[in-house]
Number of protein chains: 2
Amino acid sequence: MSSLPFDDATIRRARRIAENTPPAECDPRVEALVNDLIGRVADKWTMIILEALTEHEELRFTQLGRQVPGISQKMLTQTLRQMERDGMVTRTVHPVIPPRVDYRLTDLGQSLGAAFCGVWIWAEDNLTRVEAARAAFDNR
Amino acid sequence: MSSLPFDDATIRRARRIAENTPPAECDPRVEALVNDLIGRVADKWTMIILEALTEHEELRFTQLGRQVPGISQKMLTQTLRQMERDGMVTRTVHPVIPPRVDYRLTDLGQSLGAAFCGVWIWAEDNLTRVEAARAAFDNR
DNA sequence: CAGCATCCATTCAGATACTG
DNA sequence: CAGTATCTGAATGGATGCTG
């Protein structure tokens with residue numbers, strides 16, 4: 001327990017949250033947003049785009065696509081629109097020909113990345129444990 | 001930035017992670033696990049089951065189903081199997097008739113819940129911001 | 001009781017073609 | 001260049017029926 005990568009205040013708060021999460025106690029809007037958010041980040045492209053924009057600060061559409069190998073431009077567009085709608089990225093259209101559109105993380109988007117750092121850290125710390133559990137399960 | 005719900009060490013670590021996440025720098029197994037994990041948690045049932053088992057410690061199949069309104073028993077079974085495989089829950093079969101199967105979180109499962117507390121906190125703190133961004137976007 | 005198996009509707013994502 | 005529109009195969013999840 002004390003090996004958790006959080007300070008005591010955060011852990012206490014986590015406990016409070018965990019203990020208060022029967023649907024009745026927890027603000028349903030927060031719960032909906034969390035599900036929503038986790039679902040968003042889980043589509044896997046959002047996280048990668050977030051990383052690319054964290055690293056490069058500002059990218060245009062095609063550059064971004066190159067940073068995210070394997071993404072179709074349909075998914076790129078779609079994901080960026082969602083992120084824009086949620087206030088995670090800004091989209092700047094330059095009225096030139098050929099068109100040029102720049103994408104950049106907002107503070108909100110940056111902080112979302114930081115919020116998920118706990119999950120990254122957990123994954124780093126527990127990778128071998130999960131792999132061992134899977135191996136054990138798969139061998140009956 | 002200083003309003004993040006993390007202590008300095010965690011924030012520093014998050015930054016290090018964020019700066020080191022171009023595919024080349026980051027252990028691909030960790031990256032795969034994170035995606036995997038986030039995807040798992042994002043299916044929305046995993047998180048709710050995790051909460052139910054955090055609150056009740058030990059539950060049998062049908063009890064668990066009652067704690068998760070709206071879940072089909074197909075999804076309940078499937079999600080529990082995945083969680084068992086990943087080492088998040090233990091599954092104890094009592095050889096009695098009628099059958100009785102108890103589910104319980106492992107330490108790993110509990111710590112996963114704590115890892116996601118950062119996301120919950122972020123959602124709490126930024127709910128109004130996201131809602132405002134969406135409203136603004138939807139009105140053109 | 002605790003599932004597994006099957007069927008079915010809906011969603012989703014990739015590929016392709018087209019446009020200002 | 002930065003998209004939009006359309007089609008299609010694949011994956012998802014719910015409902016139902018059956019079993020030890």
Euclidean distance, atom CZ of residue B/Arg81 to atom C1' of C/dG3 [Å, nearest integer]: 8 Å
Atom OG1 in A/Thr79, atom CD1 in A/Ile49: separation rounded to 0.5 Å? 4.5 Å
Can you tell me how far apart OG1 (B/Thr90) and CE (B/Met83) are? Round to the nearest 0.5 Å. 10.5 Å
Taking A/Leu108's backbone N and O only, do any of them form a donor-acceptor pair with A/Ser111's side chain (distance below 3.5 Å, no angle check)? yes
Distance-only, no hydrogens or angles: does the A/Thr106 side chain make a donor-acceptor pair with backbone N or O of A/Met88 under 3.5 Å? yes
Could you report the tightest heavy-atom contact between [X] and [Y], atom names first, then the distance?
{"X": "A/Gln67", "Y": "A/Ala52", "answer": "CB-CB, 3.9 Å"}
{"X": "B/Val89", "Y": "B/Leu80", "answer": "CG2-O, 4.0 Å"}
{"X": "A/Trp45", "Y": "A/Pro69", "answer": "CZ3-O, 4.2 Å"}
{"X": "B/Tyr103", "Y": "B/Leu53", "answer": "O-CD2, 3.6 Å"}

Go through A/Arg134 and A/Glu131 one step at a time and tell me if the side chain to side chain contact (heavy atoms under 4.5 Å, CB included) criterion holds. CA-CA 5 Å; A/Arg134 287 180 181 173; A/Glu131 283 180 341; 5.8 Å; no
Boundaries of the DNA chain D segment in contact with chain B, non-hydrogen, under 4.0 Å: D/dG13 to D/dG20
Go through residues 92-102 of chain B and report each residue with a non-hydrogen atom lying under 4.0 Å from DNA chain D, sorted by number. B/Pro99
When you check every protein heavy atom under 4.0 Å of nucleotides 9-16 of chain C, what one-letter string (B, S, -) results, 5' to 3'? ----BBB-
Considering just the side-chain nitrogens and oxygens of B/Arg60, establish if one lies under 4.0 Å of OP1 or OP2 belonging to C/dG3. no
Test side chain to side chain contact (heavy atoms under 4.5 Å, CB included) on B/Glu51 and B/Met47; report intermediate values, then the result. CA-CA 6 Å; B/Glu51 287 168 27; B/Met47 206 67 196; 3.9 Å; yes
